[in-house]
Amino acid sequence: MASNKDMRRADLAIPYVDPPKSANDADMSSTMSSTLPMAAMFMRNRMIGWVSFVFSLQSWLGESSEQKKTAATPAYMSVFMSLMALAVTYFPLFLPPQAAQGTAASPPAPSPSP
């Protein structure tokens, strides 16, 4: 028959303590939120632009006071950069690129064979 007595000893219990964070740990979300807007502008990819906006908004809203103190640039700047990346990717819809003056619209005629 099992007894209902608790065999655990309260004096041997060790409380959980979070391990200290090292200073070398990189903040991956802020790295992504600062590099994705540049990738969106270089590749003119709208999907990367929207992903960069979501990442930067999340890193700005989830920023801790310690991250605010140690960050080189404020998080709202990455939000601004992602909005600028979206603007750059959507520019061709509103300002279509002009054809160059010296190029013809049709391909050149083939040269006659000898």
Side-chain angles (χ1 to χ4, degrees):
M1 196 131 209
S3 97
N4 291 337
K5 185 178 176 186
D6 190 7
M7 300 300 286
R8 295 178 289 181
R9 290 179 45 189
D11 61 330
L12 294 179
I14 300 171
Y16 176 76
V17 178
D18 285 332
K21 295 205 176 216
S22 83
N24 296 336
D25 288 344
D27 186 17
M28 199 60 186
S29 64
S30 73
T31 303
M32 293 293 284
S33 67
S34 63
T35 56
L36 278 176
M38 290 182 274
M41 283 188 266
F42 289 142
M43 290 191 260
R44 302 266 177 143
N45 191 328
R46 293 184 188 123
M47 184 59 93
I48 296 175
W50 281 108
V51 169
S52 73
F53 176 70
V54 170
F55 264 93
S56 62
L57 197 61
Q58 284 179 345
S59 69
W60 181 34
L61 295 176
E63 190 177 34
S64 68
S65 60
E66 183 64 30
Q67 288 173 332
K68 287 180 185 178
K69 292 177 189 173
T70 60
T73 59
Y76 62 84
M77 282 299 289
S78 63
V79 175
F80 177 71
M81 281 298 294
S82 65
L83 287 174
M84 291 305 297
L86 281 175
V88 166
T89 57
Y90 279 99
F91 264 156
L93 288 177
F94 303 110
L95 299 170
Q98 299 290 326
Q101 298 272 338
T103 60
S106 62
S111 60
S113 58

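Atoms considered below: every heavy atom in the structure, side chains included; atoms not considered: hydrogens, waters and symmetry mates.
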Can Leu83 be reached from Leu61 by stepping across I, L, V, M, F, W or Y side chains whose heavy atoms are under 4.5 Å apart? yes
Distance col, row Phe55:CZ vs Thr31:OG1, nearest 0.5 angstrom, shows 11.0 Å
Does any non-hydrogen side-chain atom of Arg46 lie less than 4.5 Å from one of Leu93? yes
Same cluster or not: Val88 versus Ile48, using hydrophobic residues (I, L, V, M, F, W, Y) connected whenever any side-chain heavy atoms lie under 4.5 Å apart? no
Working to the nearest 0.5 angstrom, can you tell me the gap between Met41 CE and Leu86 CG? 9.5 Å
Determine the minimum heavy-atom distance between Thr89 and Ala40, stating which atoms define it. CG2-O, 3.5 Å
Is the number of heavy atoms from other residues, nucleotides or ligands under 6.0 Å of Ile14 CD1 greater than 12? no
Atom pair CE (Met81) and OG (Ser78), whose distance is rounded to the nearest 0.5 Å: 9.5 Å
Determine, using the 4.5 Å side-chain heavy-atom cutoff (strictly less than), whether Met38 and Met84 are members of one ILVMFWY cluster. no
To check you understand the geometry: which heavy-atom pair defines the closest contact between Gly49 and Ser52, and what is its length? O-OG, 2.6 Å
How far does CD of Gln58 sit from CZ of Phe53, to the nearest 0.5 angstrom? 10.5 Å
Is the shortest side-chain heavy-atom distance between Ser56 and Pro37 below 4.5 Å? no
When rounded to the nearest 0.5 angstrom, what is the spacing between OG in Ser33 and CE in Met77? 12.0 Å
More than 12 foreign heavy atoms under 6.0 Å from OH of Tyr90: is that the case here? yes
